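First comes the structure, then the notes that go with it.
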Amino acid sequence: MIPMKILLADLKHFNEQSQYDLYIPLNLGYLASHLNRIFGKKVDVSMHLDPNDFLQQVIKEKPQVVGFSLYLWNTHITKTMISYVREKLGNEVIIFVGGPSVDPNLVEQKELCRRLPQVDAFIQGEGEIGFENAIAALLDGEDLRQCDPIPGVNFYRGKELIPGGRAEKLNLQDVESPYLSGILDDYLEPPFKPMTQTTRGCPYRCTYCVLGNLMKVQKFSVEQIKCDINFIAEKYADHPHLEFFLVDDNFGLFKSDLEVADYIVITAKEKGYPSSL
């Protein structure tokens with residue numbers, strides 16, 4: 001069986017101005033690790049940050065699926081690449097967009113669909129389960145332009161938006177570390193700055209922020225977090241000038257956060273990294 005080729009992209013500008021603002025693609029790492037765990041050899045997943053590298057791979061690999069992480073700061077370059085993919089591969093490729101710019105509000109989603117008419121489907125909320133549901137449907141031979149609603153996925157049928165509703169929550173205790181699995185190895189060096197996540201979700205409903213719509217806060221395994229911190233510290237011990245980032249929506253909500261903070265301090269003293277957080 002030939003695996004389904006999936007390209008995941010979180011596109012950045014690579015130039016003199018951006019060289020100090022590049023980060024390990026933890027988001028894509030979680031997605032890729034999840035898809036590999038669920039589908040195994042049925043899928044072939046690659047991750048791309050550099051638009052030039054991405055364009056070359058689109059031409060070379062001719063993927064069946066391309067997924068873009070959409071943020072405020074990469075909207076224009078993502079829109080440009082979506083047009084390029086559609087021009088080169090036509091309707092043979094299924095284009096997904098996910099990320100915090102995919103608002104759960106249907107009015108906002110319709111506006112996003114209007115702005116990105118070449119996108120086939122939008123993944124809302126956490127990406128892993130919605131994307132899994134969509135890939136499972138494609139592997140079963142479903143046509144996203146004709147199929148029944150898919151939880152966590154919104155798509156257009158003609159001019160009608162077909163909302164899939166919320167996907168079930170991912171159990172973070174079961175999530176495999178993309179660091180320890182090796183899927184992020186190509187990015188474990190400067191200029192990419194490392195990051196990790198200890199929780200997802202936010203209990204607050206700030207009107208300017210999409211994260212409160214996740215509501216229920218979930219925690220990753222403390223042991224896995226410690227393993228990730230130790231792994232990153234060993235990889236970056238010779239680069240103490242690069243900051244280490246905790247990308248939680250909130251940090252300090254749980255007593256276990258104190259344990260994580262203490263471990264970062266201990267690791268910094270023993271391994272020389274991180275020197276700044």
Side-chain angles (χ1 to χ4, degrees), residues 6-34 36 45-61 66-82 84-85 97-101 127 176-198 200 220 224-249 251 260-261 263-265 267-277:
I6 302 172
L7 266 60
L8 301 178
D10 181 4
L11 300 174
K12 319 287 186 186
H13 291 282
F14 283 72
N15 52 45
E16 290 184 3
Q17 285 71 38
S18 69
Q19 61 181 317
Y20 303 110
D21 196 30
L22 295 172
Y23 305 90
I24 287 174
L26 183 62
N27 53 346
L28 302 187
Y30 280 129
L31 276 175
S33 291
H34 183 76
N36 286 336
V45 187
S46 61
M47 302 177 295
H48 305 274
L49 301 185
D50 187 335
N52 293 316
D53 166 65
F54 173 74
L55 293 177
Q56 292 174 12
Q57 291 303 310
V58 166
I59 295 171
K60 178 182 177 181
E61 301 290 345
V66 176
F68 293 92
S69 285
L70 187 66
Y71 296 85
L72 178 65
W73 53 83
N74 73 357
T75 299
H76 182 73
I77 193 171
T78 299
K79 186 175 181 180
T80 301
M81 293 299 105
I82 288 171
Y84 181 89
V85 171
V97 162
S101 287
E176 181 183 40
S177 166
Y179 285 109
L180 303 182
S181 71
I183 205 163
L184 292 173
D185 283 356
D186 289 344
Y187 299 97
L188 290 173
E189 60 183 7
F192 300 108
K193 299 176 182 179
M195 59 176 67
T196 195
Q197 189 177 46
T198 74
R200 285 188 190 176
F220 286 90
Q224 178 175 304
I225 294 166
K226 289 181 176 180
C227 288
D228 282 352
I229 292 169
N230 186 68
F231 179 86
I232 292 167
E234 291 182 349
K235 289 289 185 179
Y236 278 81
D238 294 333
H239 310 288
H241 63 289
L242 291 177
E243 304 99 320
F244 174 54
F245 289 83
L246 279 180
V247 293
D248 292 24
D249 304 328
F251 186 74
V260 172
Y263 190 78
I264 292 173
V265 173
T267 304
K269 290 179 178 177
E270 292 180 350
K271 300 185 182 297
Y273 189 90
S275 61
S276 59
L277 174 67

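Note that the structure is predicted; figures quoted are calculated from it, not measured.
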Quick one: salt bridge (Lys or Arg N to Asp or Glu O under 4.0 Å) partners of D228, sequence neighbours excluded? none
Quick one: side-chain contact (heavy atoms from CB on, under 4.5 Å) partners of L31, sequence neighbours excluded? L8, E128, F131
For F220, ring pair (Phe, Tyr, Trp, His ring centres under 6.0 Å) partners two or more places apart: Y30
Taking every heavy atom of I183 against every heavy atom of A32, the minimum-distance pair comes out as CD1-CB, 3.2 Å
Identify the two heavy atoms, one from K12 and one from I77, that lie closest to each other, and give their separation to 0.1 Å. O-CD1, 4.1 Å
Please name the pair of heavy atoms, one in T196 and one in D248, separated by the smallest distance, quoted to 0.1 Å. O-OD1, 4.3 Å
By side-chain contact (heavy atoms from CB on, under 4.5 Å), which residues pair with P274, not counting sequence neighbours? F244, I264, A268
Could you tell me whether the side chain of I232 reaches within less than 4.5 Å of the side chain of T267, counting heavy atoms only? no
Side chains of N74 and F68: closer than 4.5 Å at any heavy-atom pair? no
Quick one: list whatever passes side-chain contact (heavy atoms from CB on, under 4.5 Å) with L55, sequence neighbours left out. M81, Y84
Scanning both residues in full, the closest heavy-atom pair of P240 with S275 reads O-OG, 2.6 Å
Straight-line distance of N27 CG to Y71 OH, nearest 0.5 Å: 4.0 Å
Within this structure, what is the CG-OH distance for the pair L188 and Y236, rounded to the nearest 0.5 Å? 5.5 Å
Sequence neighbours left out, what passes salt bridge (Lys or Arg N to Asp or Glu O under 4.0 Å) with K226? Give chain and number order. E259
Among all residues two or more places apart in sequence or in another chain, which pass the side-chain contact (heavy atoms from CB on, under 4.5 Å) test with S46? K5, L7, H48
Smallest heavy-atom separation, E243 atom then P194 atom, equals O-CD, 3.6 Å
Checking E234 now: which residues fulfil salt bridge (Lys or Arg N to Asp or Glu O under 4.0 Å) with it, not counting sequence neighbours? K271
Please determine which of N52, D50, V58 meets the side-chain contact (heavy atoms from CB on, under 4.5 Å) test together with F54. V58
Salt bridge (Lys or Arg N to Asp or Glu O under 4.0 Å) partners for K79, two or more places apart: none
Evaluate whether atom CD1 of I59 has more than 12 neighbouring non-hydrogen atoms of other residues, nucleotides or ligands under 6.0 angstrom away. yes
Roughly how far, to the nearest 0.5 Å, is the OG atom of S177 from the CD atom of Q224? 5.0 Å
Spacing of CG belonging to L11 relative to CG belonging to L70, to within rounding of 0.5 Å: 10.0 Å
Sequence neighbours left out, what passes side-chain hydrogen bond (donor to acceptor under 3.5 Å, both in side chains) with S276? Give chain and number order. none
Across all chains, not counting sequence neighbours, the side-chain hydrogen bond (donor to acceptor under 3.5 Å, both in side chains) partners of T78 are none
N230 side chain near Y263 side chain, heavy-atom distance below 4.5 Å: yes
Tell me, which pairs form a ring pair (Phe, Tyr, Trp, His ring centres under 6.0 Å) where one or both residues lie in residues 9-29, sequence neighbours left out? Y23-F245
Do the non-hydrogen side-chain atoms of L49 and L22 ever get within less than 4.5 Å of each other? no
Applying side-chain hydrogen bond (donor to acceptor under 3.5 Å, both in side chains), run through N15 and S18 and close with a yes or a no. CA-CA 5 Å; N15 52 45; S18 69; 3.3 Å; yes
Quick check: does any side chain N or O of Y179 sit under 3.5 Å from a backbone N or O of C227, one acting as donor and the other as acceptor? no
